[in-house]
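Working notes for the structure below.
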Amino acid sequence: MTATTVLPAIAATVDLSAIAHNVGVVAERAGAPVLAVVKADGYGHGAVQVGRAALAAGAQELGVAHLTEALALRRNGIDAHLTSWLHTPDTDFAAGIAAGVDLAVSSPRQLAAVVAAAAALGETATVTVKVDTGLGRSGVAADEWEQTARDLAAAQSGGAIRLRAAMCHLAFGDEPDHPLNGQQAARLDEAVADLARLGAAPEVVHIANSAAALTRPDLARDLVRSGIAVYGYSPIPSLGDFGLIPAMTLTAEVALIKRIPAGQGISYSHQWTAPHDTVVAVLPVGYADGVPRLLSGRFEVSIDGRRFPGVGRVCMDQLVVDLGPDGGGVAEGDRAVLFGATPDGQPRVPTATDWADTIGTIDYEIVSGIRGRAQRRYVGDTATPGTLGVRSD
Ligand SMILES: *Cc1c(COP(=O)(O)O)cnc(C)c1O
């Protein structure tokens with residue numbers, strides 16, 4: 001093979017110019033700066049590369065769940081404002097303070113642990129308070145709010161912390177007109193007013209996830225926390241794609257092509273039997289790489305702009321597609337698109353959302369679940385959208 005760029009057998013190609021484009025879409029719709037959420041290794045796209053691309057495209061800051069994720073970004077040279085918001089009693093807050101990570105606390109106990117770590121280091125911790133205004137997940141519980149507010153004010157006046165932000169997360173962001181959205185915002189506004197009365201007003205307030213950023217600019221406050229939209233998926237598919245471009249395209253190289261006689265069963269348990277003589281292709285990708293086994297017999301791939309159905313069980317390492325009696329013009333070594341963005345003017349390729357709809361989940365789970373032998377590679381330049389340049393990192 002003489003191609004200049006040899007793609008891995010399974011390639012998860014991430015277009016950083018799509019990331020840049022999507023950051024712009026979110027910021028414009030929300031009318032507010034973007035905190036790009038790069039938790040879970042950037043929803044499976046690579047937190048460091050996506051983080052850099054998002055910042056270069058104008059995102060103001062980054063956010064992750066675990067502090068370990070934030071520390072990994074710091075180790076990779078990302079020095080932008082960075083918040084982590086999901087901690088346990090064993091979280092190493094001292095490491096977070098030393099790395100300048102904004103620590104979002106969800107209880108008086110977490111705040112006390114941050115204050116103790118700051119005192120031990122002789123430094124001031126940057127803190128966000130995450131308020132449970134109705135999601136019922138992490139965030140300060142209603143009955144602990146008064147205590148938390150008083151402790152925050154005391155810690156700030158004592159120099160242990162700088163209260164940088166107050167945040168909450170919506171339960172029904174993907175239902176723009178749900179009454180709880182406005183109620184959650186009002187509860188956060190009240191919490192901020194409480195803090196102001198105690199002399200500890202936060203510098204910034206944020207509420208919106210991607211769905212709210214795109215549909216409820218009135219909830220934006222000082223910035224919006226956007227994850228899925230940055231990766232190019234509509235958080236509310238029924239309202240369209242908002243002009244977002246999926247950043248990841250998952251492809252696999254055709255490993256083997258073979259003739260199959262009528263009546264031959266395909267893959268474990270012969271879930272599919274060839275109704276006539278046909279030609280099938282084996283793709284070297286399976287559920288261990290993030291293709292859900294539940295998709296067996298319920299998906300298509302795109303090869304050179306033509307669609308071919310997956311047949312038989314999706315296995316751990318391989319799956320089979322039916323090329324039809326004429327073989328569809330496909331050759332071993334061709335690339336099959338499993339899902340991705342459709343290039344301008346080309347026939348539509350399957351999307352992660354198609355997969356999610358088929359098996360009853362959401363595209364978040366599909367893209368963040370690409371793993372195993374899929375190798376990520378990066379194309380696109382955030383400075384000059386649309387260019388193709390493979391990055392080595
Ligand atoms: C994951 C997460 C987000 C991003 O949500 P999207 O729907 O992907 O935009 C925002 N805020 C918090 C607290 C999160 O955990």
Side-chain angles (χ1 to χ4, degrees), residues 5 7-8 11-28 30 32-85 95-96 98-104 126 128 164-165 204 206 209-210 213 223-233 244-250 340-341 352 364 367-368 370-371 374-393:
T5 306
L7 293 180
T13 302
V14 177
D15 182 351
L16 295 174
S17 61
I19 298 284
H21 166 84
N22 297 332
V23 167
V25 169
V26 174
E28 182 165 342
V34 173
L35 178 161
V37 179
V38 294
K39 64 191 181 188
D41 204 10
Y43 290 40
H45 294 64
V48 172
Q49 291 85 352
V50 169
R52 282 197 201 117
L55 291 165
Q60 185 169 288
E61 47 193 86
L62 302 179
V64 293
H66 293 235
L67 177 57
T68 49
E69 301 181 282
L71 297 176
L73 290 168
R74 285 284 187 258
R75 279 197 302 278
N76 280 277
I78 290 192
D79 57 10
H81 193 89
L82 179 52
T83 304
S84 72
W85 52 65
V101 176
D102 185 337
L103 301 164
T126 302
T128 290
R164 201 273 178 158
V204 299
H206 43 96
N209 57 2
S210 292
L223 53 85
V224 294
R225 297 186 310 275
S226 183
I228 198 72
V230 166
Y231 303 97
Y233 297 92
L244 300 165
I245 301 173
M248 182 192 290
T249 296
L250 183 68
Y364 295 66
V367 292
S368 65
I370 298 306
R371 58 186 181 274
Q375 285 184 38
R376 276 199 300 255
R377 52 191 285 281
Y378 294 91
V379 298
D381 188 316
T382 52
T384 52
T387 59
L388 271 173
V390 177
R391 302 202 163 181
S392 56
D393 55 354

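Residues satisfying the side-chain contact (heavy atoms from CB on, under 4.5 Å) test with A229, not counting sequence neighbours, are V26, S210, L214, S226, L244. The side-chain contact (heavy atoms from CB on, under 4.5 Å) check on A352 picks up Y233, F339, D363, I366, V367, with sequence neighbours excluded. Scored by the side chain to side chain donor-acceptor pair (under 3.5 Å) test, S368 finds no partners at all (sequence neighbours excluded). Contacts of H45 classified as ring-ring contact (aromatic ring centres under 6.0 Å, His included), with partners at least two apart in sequence or in another chain: Y231. Here S84 pairs with nothing under the side chain to side chain donor-acceptor pair (under 3.5 Å) rule; sequence neighbours left out.
Listed here is the closest heavy atom pair of T83 and A104: CG2-CB, 4.1 Å. Annotation for L82 and G63: closest pair CD1-N, 4.4 Å, computed over non-hydrogen atoms. Between P246 and A341 the shortest heavy-atom distance is O-CB, 3.4 Å. The minimum heavy-atom distance between G380 and L16, with the atom names listed, is O-CB, 3.9 Å. Closest of all the heavy-atom pairs between A32 and V224 is CB-CG1, 4.4 Å.
Residues I370 and M248 meet the side-chain proximity criterion, which asks for heavy atoms closer than 4.5 Å. For the pair V230 and I19, the minimum side-chain heavy-atom distance is below 4.5 Å. Within the 4.5 Å cutoff, side-chain heavy atoms of V101 are placed close to those of L67. Looking at heavy atoms from C-beta onward, V64 lies out of side-chain contact with V37 at the 4.5 angstrom threshold. Using a 4.5 Å heavy-atom cutoff, the side chains of L35 and Q60 are not in contact.
Between the side chain of R225 and the backbone N or O of H206 there is at least one donor-acceptor pair closer than 3.5 Å.
Considering CG of N22 and CG of D15, their distance stands at 9.0 Å, rounded to 0.5 Å. Atom CD1 of residue I78 and atom CG of residue L55 lie 6.0 Å apart, to the nearest 0.5 angstrom. Distance CG/L62 to CG/D102: 12.0 Å, rounded to 0.5 Å. With rounding to the nearest 0.5 angstrom, the CG atom of L73 is 14.0 Å from the NZ atom of K39.
Identified under the salt bridge (Lys or Arg N to Asp or Glu O under 4.0 Å) test for residues 59-82, with sequence neighbours left out: E61-R164.
Look at D41 and R371 and you find no salt bridge, because none of the NZ, NE, NH1 or NH2 atoms lies under 4.0 Å from a carboxylate O.
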